[in-house]
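Okay, so here's the structure we're looking at.
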Amino acid sequence: MSRVKIKAVLGLTPESQEITVKGWVRTFRNNQFIALNDGSTNNNLQVVIELGLLDDAKLKRITTGAAVSATGKLIQSLGKGQTVELVAKTVEILGDSDPEKYPIQPKKHSLDFLRENAHLRFRTNTFGAIFRVRHSLAYAVHKFFNDKGFVYLHTPIITASDAEGAGETFAVTNFDLNNIPKNDKGEIDFKKDFFGKKTNLTVSGQLEGELGAMALSDIYTFGPTFRAENSNTVRHLAEFWMIEPEMAFCDLNGNMDLAEELLHYVINYALEHNKEDIDFLTQRLLEEEKQKPQIERSEMDLLQKLQFCVSNKFERVTYTEAIEILKESNHNKKKKFQVLVNEWGVDLQSEHERYLVEKHFKKPVILIDYPMAIKAFYMRQNEDGKTVRAMDILFPYIGEMVGGSQREERLDKLSRRMGEMNVPAHELEWYLDTRRFGACEHAGFGLGFERLVLFVTGMTNIRDVIPFPRTPNNCEF
Ligand code: 4AD
Ligand code: MG
């Protein structure tokens with residue numbers, strides 16, 4: 001008999017039909033009731049073992065974590081908390097789990113503990129919910145772009161460029177590290193390396209994405225990106241997934257519209273398709289917040305936050321306006337910011353971004369027209385000569401969710417800026433070619449996928465929304 005997933009079983013009308021289920025034991029009560037979970041839903045199926053069906057030796061093997069197959073009749077549940085239950089005819093232990101050694105006990109574990117046991121944490125309610133939501137969001141991203149006629153472009157993972165020019169790349173080499181070839185000048189001789197040049201893992205697919213957009217009109221990437229920034233925060237990963245659309249014949253306004261529509265769409269998708277998981281995560285967060293002093297608790301619960309976010313337009317504000325708001329804020333005057341905001345031109349710290357979003361506007365904010373000096377070389381220069389057509393989307397509790405811009409399509413202006421910022425033009429001739437042959441207005445952005453999953457799940461540490469996080473001094477699994 002073929003196995004039915006528990007999510008489907010829980011939706012069946014009980015008519016004493018015979019079915020087979022397979023899953024992992026969450027708990028086993030009174031030598032009689034198995035709470036079985038197979039990850040298709042957070043809800044367990046109760047499998048009832050009638051007295052005398054199994055001998056003692058077999059009953060002892062039904063332990064938390066064991067893999068079990070059960071066949072029996074689906075009936076209306078007699079107990080509370082579930083509508084159907086399975087009265088077992090046969091129970092097979094597929095994989096034992098030593099209760100003395102199995103780390104995931106049927107009790108509340110700390111997130112720290114579960115992070116150390118990330119290979120088993122999928123078996124908890126919290127992580128089951130998180131990774132089902134993560135999946136839905138990924139699917140929704142592809143659906144959104146597909147429905148709009150965007151082409152999914154696979155940009156390379158190994159590259160010779162540092163798109164952001166921030167120097168935070170991981171080198172890729174197959175040199176024998178104990179015997180690295182040197183040239184006459186005593187420098188590393190990358191000509192002898194695998195690719196014949198210095199290469200690294202990509203920090204962004206944007207530059208290659210722009211090449212695609214200059215022929216296909218609308219493209220997007222969705223892949224892993226790597227940054228060796230040594231910031232050990234709850235919002236940074238060394239390996240994270242980024243979604244990067246790029247659109248020809250599009251300016252910053254079109255770019256903002258698309259980003260806002262995408263965020264509304266994917267959050268709505270999760271609200272619609274992951275109701276059970278989001279309800280569970282909402283309860284989880286409420287419980288967690290009970291530990292905090294009243295003043296630190298959020299005004300809205302997770303579900304309300306998500307609903308608020310999809311039903312309100314994001315605030316659009318220039319960098320210059322934002323600096324004025326921050327400068328004049330009581331927070332700044334009372335020196336509550338760690339870094340005080342005194343002058344135009346400073347880069348915004350995450351405390352400033354969060355103030356704008358959480359205290360001032362109380363909703364997601366799109367900040368545009370940043371100072372040229374603090375942004376990447378490829379952003380389109382404004383007429384004022386000091387700002388660029390950049391946009392960052394800032395979210396409550398998260399900070400920067402999206403970074404993007406209209407691109408500088410004018411060859412002379414782009415080349416001059418590259419010179420000023422020491423971006424090696426001779427290595428980016430292919431990029432400059434799009435400005436030589438059929439250049440046009442274009443724009444795009446990068447959405448940090450884990451930051452999105454953080455927001456939608458209400459988790460606070462980015463290490464908890466990617467299966468196996470890579471952070472400084474940590475590359476387990
Ligand atoms: O702002 P960033 O650096 O922008 C770019 O890479 C552009 N090339 C994107 C583009 O225009 N196509 O990164 C984009 C987003 C950030 O807003 C943030 O959400 C996320 O990527 N991000 C990170 N997420 C997790 N860990 C990190 N270390 C991240 N760095 C950036
Ligand atoms: Mg950024």
Side-chain angles (χ1 to χ4, degrees), residues 137 141 145 150 153 155 159 161-170 201-213 218-247 250 252 254-256 258-259 262-263 266 319 347-350 353 357 364-368 370-371 374-380 388-395 397-408 423 431 442-456 459 461-466 469-472 474:
L137 289 168
V141 165
F145 285 117
F150 280 60
L153 196 74
T155 50
T159 157
S161 89
D162 173 3
E164 294 303 297
E168 291 166 338
T169 59
F170 287 101
L201 294 176
T202 186
V203 295
S204 156
Q206 178 195 322
L207 302 193
E208 294 90 350
E210 284 185 52
L211 311 181
D218 296 326
I219 65 93
Y220 72 105
T221 72
F222 187 172
T225 48
F226 307 86
R227 293 194 189 177
E229 46 191 338
N230 213 345
S231 39
N232 222 333
T233 79
V234 292
R235 289 187 195 83
H236 289 88
L237 290 164
E239 176 179 297
F240 65 98
W241 288 67
M242 185 154 53
I243 296 133
E244 296 184 275
E246 193 69 34
M247 294 156 289
C250 179
L252 194 69
N255 206 24
M256 287 192 278
L258 184 86
L262 168 67
L263 285 161
V266 296
Y319 166 91
D347 205 352
L348 297 181
Q349 307 295 318
S350 93
E353 297 177 342
V357 173
V365 172
I366 312 185
L367 273 191
I368 62 167
Y370 279 75
I374 58 171
K375 287 291 183 187
F377 70 93
Y378 50 70
M379 298 192 180
R380 195 174 201 280
V388 285
R389 299 244 82 191
M391 66 175 212
D392 275 9
I393 304 189
L394 312 177
F395 258 61
Y397 319 101
I398 305 295
E400 185 188 327
M401 176 84 86
V402 166
S405 67
Q406 185 173 330
R407 316 306 187 189
E408 183 54 82
V423 178
Y431 183 67
H442 64 290
F445 61 83
L447 165 63
F449 188 55
E450 284 73 21
R451 303 232 175 133
L452 171 67
V453 184
L454 265 184
F455 182 71
V456 178
M459 299 301 290
N461 191 327
I462 201 163
R463 293 165 181 79
D464 295 332
V465 299
I466 187 164
R470 271 79 183 92
T471 50
N474 166 45

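All values reported here derive from a predicted model rather than from experimental measurement. We count ligands from 1, going down the list as the structure has it; atoms in each ligand are counted the same way. Excluded from the calculations below are hydrogen atoms, water molecules and symmetry mates; all remaining heavy atoms, backbone and side chain alike, are included.
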Worksheet item: Is the centre of the Phe226 ring less than 6.0 Å from the centre of the Phe170 ring?
Response: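 Judged by ring-centre distance (under 6.0 Å), Phe226 and Phe170 do not meet the cut-off.
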* **Full working for side-chain contact (heavy atoms from CB on, under 4.5 Å) between Leu263 and Leu452** => CA-CA 9 Å; Leu263 285 161; Leu452 171 67; 3.9 Å; yes
Under 4.0 Å to a heavy atom of [X] - the qualifying atoms of ligand 1, by number:
| X | result |
| --- | --- |
| Tyr378 | 7 (C), 8 (N) |
| Arg407 | 10 (C), 11 (O), 12 (N) |
| Glu244 | 7 (C), 8 (N), 9 (C), 10 (C), 12 (N) |
| Gly403 | 1 (O), 9 (C), 10 (C), 11 (O), 17 (O) |
| Arg235 | 25 (C), 26 (N) |
| Met242 | 6 (O), 13 (O), 14 (C), 15 (C), 21 (O) |
| Ser204 | 6 (O), 8 (N) |
| Val402 | 17 (O) |

| query | Is the Tyr431 ring parallel, tilted or perpendicular to the Phe377 ring (thresholds 30°, 60°)? | reply |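 Correct class here is perpendicular.
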Point to revise | Tyr319 and Tyr370 aromatic ring geometry - parallel, tilted or perpendicular at 30°/60° bounds | key: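 Tyr370 vs Tyr319 ring planes: tilted.
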**Report entry** Glu408 side chain near Arg380 side chain, heavy-atom distance below 4.5 Å
**Finding:**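 Of all side-chain heavy-atom pairs linking Arg380 with Glu408, at least one is under 4.5 Å.
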I need the nearest protein heavy-atom contact for [atom]: residue, atom name and distance, please.
| atom | answer |
| --- | --- |
| atom 28 (N) of ligand 1 | Glu229 OE2, 2.7 Å |
| atom 19 (O) of ligand 1 | Met401 O, 2.8 Å |
| atom 26 (N) of ligand 1 | Leu237 N, 2.9 Å |
| atom 17 (O) of ligand 1 | Glu400 OE2, 2.6 Å |
| atom 24 (N) of ligand 1 | Phe240 CD1, 3.5 Å |
| atom 15 (C) of ligand 1 | Gly446 O, 3.6 Å |
| atom 20 (C) of ligand 1 | Gly448 CA, 3.6 Å |

[X] contact mode with ligand 1 (heavy-atom cut-off under 4.0 Å):
| X | answer |
| --- | --- |
| Arg227 | side chain |
| Thr225 | neither |
| Phe226 | neither |

For the side chain of [X] and the backbone of [Y], is there at least one donor-acceptor N/O pair under 3.5 Å apart?
| X | Y | value |
| --- | --- | --- |
| Asp218 | Met247 | no |
| Arg451 | Ile398 | no |
| Thr225 | Phe240 | yes |

field: Proximal candidate to atom 18 (C) of ligand 1 [heavy atom criterion; set His236, Glu450, Arg451]
entry: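 Comparing heavy atoms across His236, Glu450, Arg451, the nearest one to atom 18 (C) of ligand 1 lies in Arg451.
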Next item on the list: Mind checking salt bridge (Lys or Arg N to Asp or Glu O under 4.0 Å) for Asp392 and listing every partner two or more places apart, or none if nothing turns up?
Entry: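 In terms of salt bridge (Lys or Arg N to Asp or Glu O under 4.0 Å), with neighbours along the sequence ignored, Asp392 is linked to Lys375.
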**Prompt:** What protein atoms of element N, O or S are positioned under 2.8 Å from the Mg ion (ligand 2)?
**Reply:**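 Correct list: Glu400 OE2.
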- Show the numbers, then the answer: is there a side-chain contact (heavy atoms from CB on, under 4.5 Å) between Leu262 and Phe145? CA-CA 9 Å; Leu262 168 67; Phe145 285 117; 3.9 Å; yes
Return the set of residues passing side-chain hydrogen bond (donor to acceptor under 3.5 Å, both in side chains) with Ser204 (not counting sequence neighbours), or none when no residue passes.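 Listed in chain order: Glu244.
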* Side-chain donor-acceptor pair present, Glu210, Tyr378, cut-off under 3.5 Å ->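 Result is no, nothing qualifies.
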Please find the pair of heavy atoms, one from Leu237 and one from Thr471, that lie closest to each other, and give the distance.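 Here Leu237 and Thr471 meet closest at CD2-CG2, 3.9 Å.
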Inset, instruction - Evaluate side-chain contact (heavy atoms from CB on, under 4.5 Å) for Met401 paired with Leu447, printing each intermediate quantity in order. - result: CA-CA 6 Å; Met401 176 84 86; Leu447 165 63; 3.5 Å; yes
Quiz item: Can you pull the side-chain hydrogen bond (donor to acceptor under 3.5 Å, both in side chains) pairs that have at least one residue in residues 234-243, sequence neighbours excluded?
Solution: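 side-chain hydrogen bond (donor to acceptor under 3.5 Å, both in side chains) check on residues 234-243 returns Thr233-His236.
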